[in-house]
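None of these values were measured; they are calculated from a predicted model. In what follows, chains carry the letters A, B, and so on, assigned in the order in which the sequence lines appear, proteins first and then strands, with residues in each chain numbered from 1.
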Amino acid sequence: MPELPEVEITRRGIAPHVLGHAVEDVIVRDRHLRWPVPGTLRRALRGQRVRGIERRAKYLIFRMDAGSMILHLGMSGSLRVVDGPAPPGKHDHVDIVFDSGVRLRFRDPRRFGSIHWTRADPLRHKLLKGLGPEPLSETFDGNHLHARSRGRRLAVKSFLMDSRTLVGVGNIYANEALFGAGLHPRRPAGRISLARYEQLAKEIKQVLARAVQSGGTTLRDFVSGVGEPGYFSQELRVYDRAGLPCVVCGRPIRSVRLGQRSTFYCPRCQK
DNA sequence: CAACGGACCTGCCTGC
DNA sequence: TGCAGGCAGGTCCGTT
């Protein structure tokens, strides 16, 4: 489900409801996520106040008094604010209950998400330390993409979706950004000029920023922390549009498989 | 190193 | 109606 915009929308949605509140209880109904939910989570979180909620890549970092909870939504995860002990659904694996009575409910049908606890610097956590730059930060630009891609032959789309290159760009926004930049998804990453990478970096920033403004992309089930769907699906130009006319030239959008992911592009506009 | 395929899961849709 | 197969917003890990 979630790429950077959806995780960011989730962060913004839940923050006002939990910031400054103390955890009263943690209910783990199923600890079998991508990695086991730590058995120490309940003890670690109880009595702790939420001092801040940050996003790094597609991870949410809850800064607590004595450490940080790191949470990833995986492919199908969502985090919702629930008022009181509403009956949990089949895939509501974890509830974090606050002293206000509000709870954060983690739902994840496919269980590719994960929850971690660390007392150390969360940004140095094993899963976060090797991550590339944030696409919406100033440290990310065309130069970065150009420099990192020299000598590499993998497809530019796979290059973009590698979190060591940059973070936050998943299958939807990789497709969209490449369309915007007029780049064929299979172009070898090392054979793209600096000028084109500058254009691509600009597209990535633009598409992500606009998706955040629209509340994210809801394809089937994404909703923000407070239950709102995202409207960016209406603005997708190639993703999930196989056979439909290109919004620029009218040619049918093609769909191929690249690195085990569905890939959409316009055969005329993208070279 | 770089690149690739498999793995982890459930649900939903299609086609026979 | 049932069932098999393929696909879905992610990303780590083992093998070449």
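The residues A:Lys205 and A:Asp141 are annotated as not salt-bridged, no charged nitrogen and carboxylate oxygen being separated by less than 4.0 angstrom. With respect to A:Arg11 and A:Glu54, no salt bridge is recorded, no charged nitrogen being found less than 4.0 Å from a carboxylate O. A salt bridge links A:Glu8 with A:Arg12: at least one charged nitrogen is closer than 4.0 Å to a carboxylate oxygen.
A:Leu219 comes within 4.0 angstrom of a base, heavy atoms only. At the heavy-atom level, A:Phe232 lies nowhere under 4.0 Å from the strands shown. Using a 4.0 Å heavy-atom distance criterion, A:His32 is classed as making no nucleic acid contact. Across all strands, A:Tyr239 comes closer than 4.0 Å only to sugar-phosphate atoms, never to a base (heavy-atom distances). Using a 4.0 Å heavy-atom criterion, one finds that A:Arg261 contacts the bases of the nucleic acid, with or without backbone contacts as well.
Between the side chain of A:Glu3 and the base of C:dG10, no donor-acceptor pair of N or O atoms lies under 3.5 Å. For a distance-only test at 3.5 Å, the side chain of A:Arg110 qualifies as a donor-acceptor partner of the base of B:dC9. If you check distances only, the side chain of A:Arg34 does reach the base of C:dT11 with a donor-acceptor pair under 3.5 Å.
What separates CG of A:Leu73 from P of B:dC9 is a distance of 19 Å, to the nearest Å. Rounding to whole angstrom units, NZ of residue A:Lys58 and P of C:dC12 are separated by 10 Å. Taking atom NZ on A:Lys157 and atom C1' on B:dC4, their separation rounds to 15 Å, with Å as the unit. What separates CG of A:Leu60 from C1' of C:dG10 is a distance of 14 Å, to the nearest Å. In this structure, A:Asp108 atom CG and C:dT11 atom P are separated by 12 Å, rounded to whole Å. Atom-to-atom, CG of A:Leu71 to P of C:dG10 comes out at 16 Å; the value is rounded to the nearest Å. Taking atom CD1 of residue A:Ile115 and atom C1' of nucleotide C:dG10, one finds them 16 Å apart after rounding to whole Å. To the nearest angstrom, P of C:dG9 lies 8 Å from CE of A:Met161.
OP1 or OP2 of B:dT10 sits under 4.0 Å from a side-chain N or O of A:Arg111. Residue A:Lys90 has a polar side-chain atom (N or O) positioned under 4.0 Å from OP1 or OP2 of B:dG11. In terms of phosphate contacts, A:Lys126 brings a side-chain nitrogen or oxygen within less than 4.0 Å of OP1 or OP2 of C:dC13. The phosphate of B:dT10 has neither OP1 nor OP2 within less than 4.0 Å of any side-chain N or O from A:His91.
Between C:dG9 and B:dA3, the two P atoms lie 23 Å apart (nearest whole Å). The gap from the P atom of B:dC9 to that of C:dG14 amounts to 16 Å, rounded to the nearest Å.
Nucleotide B:dC16: paired with C:dG2 (Watson-Crick or G-U wobble, both distances less than 3.5 Å). Under the Watson-Crick and G-U wobble criteria, each requiring two contacts below 3.5 Å, nucleotide C:dG9 is left unpaired.
Look at A:Phe112 and the base of C:dG10; the rings stack, centres closer than 5.5 Å and planes less than 30° apart.
With no hydrogens or angles considered, no side-chain donor-acceptor pair links A:His116 and A:Thr118 at under 3.5 Å.
When distances are taken from the side chain of A:Leu127 to each of B:dT10, C:dC12, C:dG9, the shortest belongs to C:dC12.
In terms of hydrophobic clustering, with Ile, Leu, Val, Met, Phe, Trp and Tyr side chains grouped at heavy-atom distances under 4.5 Å, A:Met64 and A:Val37 are assigned to a common cluster.
Taking the six-membered ring where the residue is Trp, A:Phe232 and A:Tyr173 present tilted rings, their angle falling between 30° and 60°.
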